[in-house]
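Take a look at the structure below.
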Amino acid sequence: MNIIEKRKTWFTISIIIILAGLLAMPINAFMGNGILNFDVEFIGGTVMEVNIGQDFDIANDIRPVVVEITGDENPQITRSGAQGVSIKTKSIDPETRAKLYNALKDKYNLDGMNDLLNVDDVSPTISTEMQLKALQALLVSSILMLIYITLRFKDWRFGLAAVLPLIHDVFIVLAVYSIARVPVNNSFIAAILTIVGYSINDTIVVFDRIRENKKVAKKGDLEGLIDKSVSQTIVRSINTSITTLVTITMLYFLGVPSIKEFALPLIVGIISGTYSSIFIASPLWYEFHKKSIAKTA
Amino acid sequence: MKVKSGLILLLIVVLIGLTGGVAYFGIGENNFLGAQNIRQGLDLKGGVNIVYEADKENPTAEEMSAAIEMIQGRLDRGNYTEAEVAREGNRRIRVDIPGVEDPNKAIEDIGATAQLQFLSPEGEVILTGNEVKDARREMINDNGITKAVVALEFNSKGKDAFAKATEKYVGQIIMIALDETIISAPKVNAVITEGNAIIEGVGTIEEADELAARIKAGALPFKLTPLQSNSVGAKLGASALETSLKAGFIGIILVLLFMLVVYRVPGLAADLALLFYCGVVVIILSYLQSTLTLPGIAGIILSVGMAVDANVIIFARIQEELNAGKTLRAAVDAGFDKAFSAILDGNVTTLIAAGVLYWIGTGLIKSFAQTLGIGILVSMFTALVVTRIIVKQFVNLGLKNPKLYGAK
């Protein structure tokens, strides 16, 4: 395996994907859709999911009703499922929510018990808290992992080379959220941290091999050491990715919409995590090692 | 040797069967430790979840429990008997009401501000707390005994209404109700025109203080603002549960097949360990009485895929040792030993992520973190202990061809 020799190629592939994701954000914003598809949990607001149970026309039938009752001039109304509708507005009080539902109920002859699928309301206060918590969670876990790996491997370069690919994975997943317009909500935090946990697990198996092979390796042959270690662990990396992807893909195909939204970034994150632990983490460790050798020489 | 190994293997299979049986059926009438006994979150059985926040910086514990009691009271009166009200953090209250048919109505029922009402002897509302300008505790002397009362002062509208009522019902009883509970029923002795009233029989000085404060602020010493509410229809919840279970089931079968095809004999050992793993996770979740939510199920299903990882690391090692010319027994031992550090370090870092999620997250996220964490811990145990025992018995039983263990 020529992991080290071609490291510039691997870095470039990642950078292109990340840039595409970053580029999609301002484009999204420019097209009036917002940088990311923030769900109410992240920016506050109300979402009501209703099973209309028959054909409907958003622009002519539903939108005017929503605008009139909620006073929100720009509600986001989308189809969900076969005959369902998802109505996203600014945060509205329970009375207005009931009024809105009753209006639809009268119009489409709905059944309160079965057709009102989901109502979420989040005040802007708590949504700011959510955003802070997401960042906090990412930061805290990255620092803790960095400390743990540095202690266990007795080498800060392993720690840093394991944690930087995590940031890579976070950006790749952000790119998916941005391009596929996956709603950014509570699950977003869970998805990101799961990927981070998965990816670092993968990286550690490779690093563990490097740590072990290092004891018997020729001095100075870093490239050979890394390439050998990666090729010894690559089958395991791929096999574990397959078993994990199998279960999560099942969730994606069979799950309800909220699970689908969660499964998609996980699928991409697992692929990205596998890629980064093979093609990004070790080459980064190589770079750090080279730099510090050059310094001491 | 062979007989002993066969017996151990049989014992393990029986144990796995028992674990699976307990996980599936539970023990006894209450399905103790069984899947049926796992508490389902509102997103699975449908219901409403609301988080309120007190609009006061540092409410005291007494104030918060008064608020919780008040909400519980309203829920009881509204026949939401399964509802749970719990304090969350310093100034928040979480209300969970499972299985409601009309979430909007439930939210309105709880959200209605507690009303102070003055009722005529016939039960008609004379005036409400909206017409109260001030409420304070006062001490009065009643036949030589000093006692606490709550003195009310009405606004101009209340003044007129109260004057008219006292004129009409002189000599009769006017009831004072808070949140539809009669708290005082004084007899009208004279027409009151200056817009004052006294509520007697309010208990100790502290209780009178509290009541006065509650009346002044509507009902509570602070206002409760709904920060977040979430309601899931029962039908949606049920279909979410069903499809997730189906996905999990198919996922597990595919993983079992994959392991068997790719790793053969050790793959079979890993499959047995995975079945054991699934049973143990269900039993632990049932035992802990933690609430299982949709993300929690996703966490379990995800961890099934990850659970075999430790096995994969070990088997790859065994394979290498065999290819390097070691005997089967030595290769198996070396495989497990050499794989240990990678498995430990990898899982500890993932546990760190799960721990942070549990610590920082709320509600659904906590549930996900919990199942993920349990999954990691159990999978480490099954891979390092259970798989090892099973693989060794296979070796002892005479499955000794290195090719069966992946050697070239």
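Labels below follow one simple rule: chain letters A, B, ... track the order of the sequence lines, proteins then strands, and each chain is numbered from 1. The figures that follow rest on heavy atoms only: side chains count, while hydrogens, waters and symmetry mates do not.
Using a cut-off of 4.0 Å between Lys/Arg side-chain N and Asp/Glu carboxylate O, E320(B) and K338(B) are scored as not salt-bridged. Residues R236(A) and D202(A) are paired through a salt bridge, judged by an N-O separation under 4.0 Å between the basic side chain and the carboxylate. Using a 4.0 Å cut-off between charged side-chain N and carboxylate O, K366(B) and E88(B) make no salt bridge.
For the set F253(A), F153(A), Y148(A), F207(A), the count of heavy-atom pairs under 4.5 angstrom toward chain B peaks at Y148(A). Among L294(B), I343(B), L254(B), the residue with the largest count of heavy-atom pairs under 4.5 Å with chain A is L294(B). In terms of heavy-atom pairs under 4.5 angstrom with chain A, the leader among I376(B), L351(B), D309(B) is D309(B). Looking only at heavy-atom pairs under 4.5 Å with chain A, the residue among V304(B), L344(B), I313(B) that has the most is I313(B). Your options are V47(A), V122(A), L117(A), and the one with the most heavy-atom pairs under 4.5 Å with chain B is L117(A). Among the candidates L266(A), D93(A), V40(A), N118(A), the residue making the largest number of heavy-atom pairs closer than 4.5 Å to chain B is N118(A). Most heavy-atom pairs under 4.5 Å with chain B, from the set Q136(A), R209(A), E212(A): that is R209(A).
Contact of V196(A) with chain B is not made at all, since no heavy-atom distance falls under 4.5 Å. Using a 4.5 Å cut-off between heavy atoms, D208(A) touches chain B through its side chain atoms alone.
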May I have the step-by-step check of side chain to side chain contact (heavy atoms under 4.5 Å, CB included) for I271(A) and L245(A), ending in yes or no?
CA-CA 8 Å; I271(A) 297 170; L245(A) 279 177; 4.0 Å; yes
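Side chains of S241(A) and Y198(A): a donor-acceptor N/O pair is present below 3.5 angstrom, by distance only.
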